[in-house]
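Here's the structure, in structure tokens; my notes come after.
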Amino acid sequence: MLYRDRVSTEQSASTRPPVMEDVARVAGVSHQTVSRVLNNHPNVSSKTRERVEQAITELGYRRNTAARSLVTRRSQTVGVLGSEMAQYGPSHTLLGVQQAAREAGYFVSIAALREVTPETIKDAMAHFMDQGVDGVVVTVPHPGTFEVLKDITAQVPLVAVGSIGDEHLNGATVDQRQGARLAVEHLLELGHQRIGHLSGPADWIDAAARIEGWRDALAEAGIEPETLIEGDWSAECGYREGLKIAADRSVTALFVANDQMALGVLRALNELGVRVPEDISVVGFDDQPEAAYFIPPLTTVAQDFEELGQRCIGLLLDRLESGSTGVPVTVAPRLVVRSTTAPVAN
């Protein structure tokens, strides 16, 4: 048991619900530390976090959101502005932010845009202001979104997710360029030199960064990048381009900018009798849950959307609590090796 002042705590608990000071007393920490744990702040050691969480469980402590709002004059609501929700990356980024916000004790109001224009973004921001949100997180798949945000004078803190931002707007993102490098370096280590890239649309920030990473890794190996095909993120596009790749056999390995297009590529190669990975190796990006069940299971680059959401909300809470813009956050991707890559055939 964590109780250091058990008698007084139990007496208090018998007459009123436990408060944050009770949790702090039981855990042997300050109430500020309890607040950091409740807000999922990263600057808390795992041992301290565990003690506070155990005290919360033992006491049955629950935040009184209404009372907190009266004291802080905050709505405990975060606005999340999203677009391109049909795509895996943006939709799971939004889910990661939503989960992190709720864990930090904030309600979430979501505005999903069908079309990204200055007018739709400004309308959504006006809606959030009418709701009295404490801050806004904006997913930024396109450079145009970021440019519009620069011109908005917001009454609350803004954080971009999908971009590290600039001196005016802070942000958090997965290191897309490094993820592409991991994929291509893996293929280079297997002896491949003719490594093509099926990219995402050119007007996406993530797609452009993955192209840069592909080029960087090849350039460092002294290889001239040659086969670059622009795709649209869809399995249909992957299938269509996969048929062409199977027919001309100009590459021994293909880095595909997302798992959905990789799925289409795998089907096309299979239909034309091109073996994966014996004849051509394939690497995807995202590590969506189905990737492990493709035939063959897909080697891919994983993005940690849960950590991305937590770090993004951490930036927003820093702005709310201290006014600090904080340091832009980059989350590291990781390579997941499965069965679609193998040494180049002799």
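Side-chain atoms are counted along with the backbone in the values below, which use heavy atoms only and exclude waters and symmetry mates.
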| query | Going through the distances and angles, do Thr48 and Val29 end up as a side chain to side chain contact (heavy atoms under 4.5 Å, CB included)? | reply | CA-CA 8 Å; Thr48 299; Val29 299; 4.0 Å; yes
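- Remark: Gln155 CD is loosely packed, at most 12 non-hydrogen atoms of other residues, nucleotides or ligands lying under 6.0 Å away.
- A cation-pi contact links Arg210 to Phe285, judged by a cut-off of 6.0 Å to the six-membered ring centre and 45° from its axis.
- When all heavy atoms are compared, the tightest approach of Arg194 to Ser250 is NH1-O, 2.9 Å.
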| message | Would Gln303 and Gln176 count as a side-chain hydrogen bond (donor to acceptor under 3.5 Å, both in side chains) here? Give the steps. | response | CA-CA 9 Å; Gln303 304 191 73; Gln176 307 293 331; 2.8 Å; yes
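- Here Asp175 does not pair with Arg181 in a salt bridge; the nearest charged N to carboxylate O distance is not below 4.0 Å.
- For the pair Val156/Met129, a side-chain contact is recorded, criterion being any heavy-atom separation below 4.5 Å from C-beta on.
- Defined by atom type and a distance below 3.5 Å, a donor-acceptor pair is missing between the side-chain atoms of Glu50 and Gln54.
- Ion pairing between Glu271 and Arg267 holds under the 4.0 Å rule for side-chain N and carboxylate O.
- The closest donor-acceptor contact from the side chain of Thr93 to the backbone of Gly89 lies under 3.5 Å.
- Put simply, the side chain of Arg114 does not reach to within 4.5 Å of the side chain of Met85, judged on heavy atoms.
- The minimum heavy-atom distance between Asp287 and Tyr88, with the atom names listed, is O-OH, 4.0 Å.
- Annotation: side chain of Tyr106 is in contact with side chain of Leu320 (closest heavy-atom distance under 4.5 Å).
- Counting heavy-atom neighbours within 6.0 Å of Glu290 CD, excluding the residue itself, gives a total above 12.
- A salt bridge does not link Glu119 with Lys122: none of the charged nitrogens is closer than 4.0 Å to a carboxylate oxygen.
- Using modelled atom types and a 3.5 Å distance limit, the side chains of Ser109 and Gln131 yield a donor-acceptor pair.
- With Asn258 contributing its side chain and Trp233 its backbone, the two residues share a donor-acceptor pair below 3.5 Å.
- Checked by atom type and distance alone, the side chain of Asp134 pairs as donor or acceptor with a backbone atom of Gln76 at under 3.5 Å.
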| message | Checking Ser281 against Thr252 for the side chain to side chain contact (heavy atoms under 4.5 Å, CB included) test, could you report, in this order, the C-alpha distance in whole Å, the side-chain angles of both residues, the deciding distance, and whether it holds? | response | CA-CA 6 Å; Ser281 288; Thr252 64; over 6 Å; no
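- With contacts defined as side-chain heavy-atom distances shorter than 4.5 Å, the pair Ile223/Leu188 qualifies.
- Counting all heavy atoms, side chain and backbone alike, Ala104 lies closest to Leu317 at CB-CD1, 4.1 Å.
- Ile295 CD1: 12 or fewer foreign heavy atoms inside a 6.0 Å radius.
- Using a 4.5 Å heavy-atom cutoff, the side chains of Val282 and Leu269 are in contact.
- Checking side-chain atoms of Ser91 against main-chain N and O of Gln87 turns up a donor-acceptor pair under 3.5 Å.
- Using a 30° and 60° split on the angle between ring planes, Phe255 and His197 fall in the parallel class, below 30°.
- Within the 3.5 Å criterion, the main-chain N or O of Val283 finds no donor-acceptor partner in the side chain of Thr299.
- Remark: the backbone N or O of Asp203 is paired with a side-chain donor or acceptor of His142 at under 3.5 angstrom.
- When all heavy atoms are compared, the tightest approach of Ala27 to Arg51 is O-NH2, 2.6 Å.
- With a 6.0 Å radius and a threshold of 12 heavy atoms from other residues, nucleotides or ligands, Gln193 has its CD atom at or below the threshold.
- When atom types are taken as modelled, the side chain of Asp286 and the backbone of Gln288 share no donor-acceptor pair closer than 3.5 angstrom.
- A heavy-atom distance below 4.5 Å is not found between the side chains of Val137 and Leu81.
- Counting all heavy atoms, side chain and backbone alike, His186 lies closest to Val337 at CE1-CG2, 3.9 Å.
- Annotation: side chain of Val136 is not in contact with side chain of Val159 (no heavy-atom distance under 4.5 Å).
- The shortest heavy-atom contact between Ser83 and Thr139 is N-OG1, 3.5 Å.
- Between the side chain of His192 and the backbone N or O of Ala342, at least one donor-acceptor pair lies under 3.5 Å.
- Between Arg275 and Ile280, the closest side-chain pair of non-hydrogen atoms is not below 4.5 Å.
- Looking at Ser75, its side chain does come within 3.5 Å of a backbone N or O of Gly132 through a donor-acceptor pair.
- A donor-acceptor contact shorter than 3.5 Å links the side chain of Thr57 to the backbone of Glu53.
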